[in-house]
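For reference, the structure is listed below as structure tokens.
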Amino acid sequence: MTQSVRPVSLTQYLVEIQRDKGLIPGELRLLLEVVARACKRISLAVSKGDLAGMLGEAGTDNVQGEAQKKLDVIANETLLEANEWGGHLAAMASEEMEGVYSIPHRYPRGEFLLLFDPLDGSSNIDVNASIGTIFSVLLLPEGVTEPAVEHFMQPGTRQLAAGYAVYGPSTLLVLTVGDGVAKFTLDKETGSWTMTGNHLRVPDETGEFSINMSNARHWHPPVCRYVDELLAGRDGPRGKDFNMRWVAAMVGDVHRILCRGGIFMYPRDTREPDKPGKLRLMYEANPMAFLVEQAGGAATNGTQRIMEIQPTGLHDRVAVFLGSRNEVERVTAYHREN
Ligand code: F6P
């Protein structure tokens, strides 16, 4: 008789990691469950869309000077409200807010720092394409009682957990606590996150790349060289054809890479020479790099491992090359040669 496999819930997965493997403290488990609950609420708001007046502009700009969508603001508030009272956190930082959000004194304080991009891929909101939430967890340095920006300035190697939710045809949560990468699907009938994949692997080899080709004229020579070789296909130096995909939401592109491999690139370019890229180190690049490395892939800024970059500000930007190891190493080597 074949044994039926009982579905594993997010709670069960985290309890096993905490109790049986001793890899995370109980407080971190509880924090991750709260983050997952907030993502569930954001998923609900996203799926109501126009019916609940969720689409369109908020009429405000964020700290980066970008126009906020209503859902950017709703997702940010949902994450703040869900996480401020649980007692697990010392402070939060969000791509949508200028400074550190300290836990109000009326609530107990914990020892963790939570960083998030509440709604990644905002330009996809109004066209009903995939969007998501990205998060990362750090530890407040010992002895600190009033968390400030400087306490968040830790390289990605110090992340205790990272993950993202994708609000696509299904709502998914993809998570790492340093023990590989696990994937959960939200069962919208029961409201529970059910494991639908564990120990995800990014293959070393790939035939797929992701980059916004409309910026090609602004790229630096190593990126031009690498992409030109891919585009040359079977007749070029790579001797094979490559396919291209661009979701325009990092969560969507990284999720595809975690499912079947590929390389994602958002290089720095010549448009704004002072900006080292478009994506944010703390809210996007570090958590995605942690996930991709845990799945056997690699992540660099062209010259350096992303997770070893020392941040200098909450909203630092960085060039990103991540995904299948052999491709990331090749484009990184082209930068070094240059
Ligand atoms: O946060 C920035 C972001 O929306 C990423 O999620 C995405 O990969 C990228 O910007 C899309 O950039 P572009 O507008 O150049 O397509």
Side-chain angles (χ1 to χ4, degrees), residues 39 42 46 55 57-58 61-73 75-76 79 93-98 115-136 156 162-168 172 174 208-220 223 227 244-259 262-272 275-292 297 299-302 306 311 313-323 328 331:
C39 291
I42 299 170
V46 168
L55 306 189
E57 305 292 328
D61 285 351
N62 69 8
V63 53
Q64 336 270 343
E66 298 158 342
Q68 289 178 303
K69 303 274 184 186
K70 284 185 198 162
L71 270 175
D72 285 322
V73 176
N76 193 55
L79 282 155
S94 161
E95 192 187 291
E96 297 297 326
M97 298 185 309
E98 182 147 14
L115 299 102
F116 48 82
D117 175 359
L119 211 86
D120 177 62
S122 307
S123 70
N124 280 357
I125 293 175
D126 293 343
V127 296
N128 201 31
S130 282
I131 47 182
T133 297
I134 311 174
F135 61 90
S136 158
Y164 61 80
V166 198
Y167 314 116
L172 305 177
V174 176
E208 209 158 62
F209 70 101
S210 272
I211 193 164
N212 183 342
M213 287 293 299
S214 70
N215 297 327
R217 68 191 183 284
H218 306 296
W219 295 339
H220 289 290
V223 180
V227 176
M244 200 202 88
R245 288 284 181 270
W246 185 248
V247 177
M250 193 186 192
V251 278
D253 284 309
V254 171
H255 187 66
R256 188 188 57 257
I257 288 170
L258 283 168
C259 292
I263 176 167
F264 170 90
M265 296 170 273
Y266 215 115
R268 74 184 297 165
D269 62 36
T270 55
R271 280 172 297 178
E272 290 175 88
K275 256 196 203 168
K278 175 180 184 189
L279 303 181
R280 283 67 168 193
L281 174 64
M282 309 291 286
Y283 312 109
E284 295 170 313
N286 267 341
M288 292 312 204
F290 190 14
L291 287 159
V292 165
T300 75
N301 67 353
I306 283 182
L314 278 178
H315 301 286
D316 282 3
R317 293 174 190 257
V318 67
V320 175
F321 301 87
L322 63 75
V328 174
V331 71

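Every number for a ligand or one of its atoms is a count from 1 in the order of the listing. In what follows, every heavy atom counts, from backbone to side chain, and hydrogens, waters and symmetry copies are set aside.
When each of Val254, Asp253, Val247 is paired with Met250, the side-chain contact (heavy atoms from CB on, under 4.5 Å) condition holds for Val254 and for no other.
At a heavy-atom cutoff of 4.0 Å, ligand 1 is contacted by the side chain of Leu279 but not by its backbone. Counting heavy atoms under 4.0 Å from ligand 1, residue Tyr283 does not touch it at all.
From the protein, the heavy atom lying nearest to atom 12 (O) of ligand 1 is Lys278 NZ, 3.1 Å. Atom 16 (O) of ligand 1 has its closest protein heavy atom at Trp246 NE1, 3.0 Å. Closest to atom 5 (C) of ligand 1 among all protein heavy atoms lies Met250 N, 3.6 Å.
Residues Tyr164 and Leu258 come closest through the heavy atom pair OH-CD1, 3.3 Å.
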> Going through the checks in order, is the side chain to side chain contact (heavy atoms under 4.5 Å, CB included) test met by Arg280 and Asp117?
Replying inline: CA-CA 9 Å; Arg280 283 67 168 193; Asp117 175 359; over 6 Å; no
>> side chain to side chain contact (heavy atoms under 4.5 Å, CB included), that's the test. Do Ile257 and Ile263 meet it? Break it down for me.
In response: CA-CA 7 Å; Ile257 288 170; Ile263 176 167; 5.6 Å; no
> Run the side-chain hydrogen bond (donor to acceptor under 3.5 Å, both in side chains) check on Ser210 and Tyr266 step by step: do they pass?
Replying inline: CA-CA 9 Å; Ser210 272; Tyr266 215 115; over 6 Å; no
> Given the rule in the side-chain hydrogen bond (donor to acceptor under 3.5 Å, both in side chains) test, do Glu96 and Gln68 qualify, once you have shown the distances and angles that lead to the verdict?
Replying inline: CA-CA 8 Å; Glu96 297 297 326; Gln68 289 178 303; 2.8 Å; yes
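Under a 4.0 angstrom heavy-atom cut-off, Glu284 registers as being in contact with ligand 1. By the 4.0 Å heavy-atom criterion, Ala248 is counted among the residues contacting ligand 1.
At least one N or O atom of Tyr266 sits closer than 3.5 Å to an N or O atom of ligand 1. Looking at Asn212 next to ligand 1, an N or O pair under 3.5 Å apart turns up. Of the polar atoms of Glu95, none of the N or O atoms is found under 3.5 Å from an N or O of ligand 1, judged by distance alone.
Taking the charged nitrogens against the carboxylate oxygens, Lys69 and Asp72 have no contact shorter than 4.0 Å, which rules out a salt bridge.
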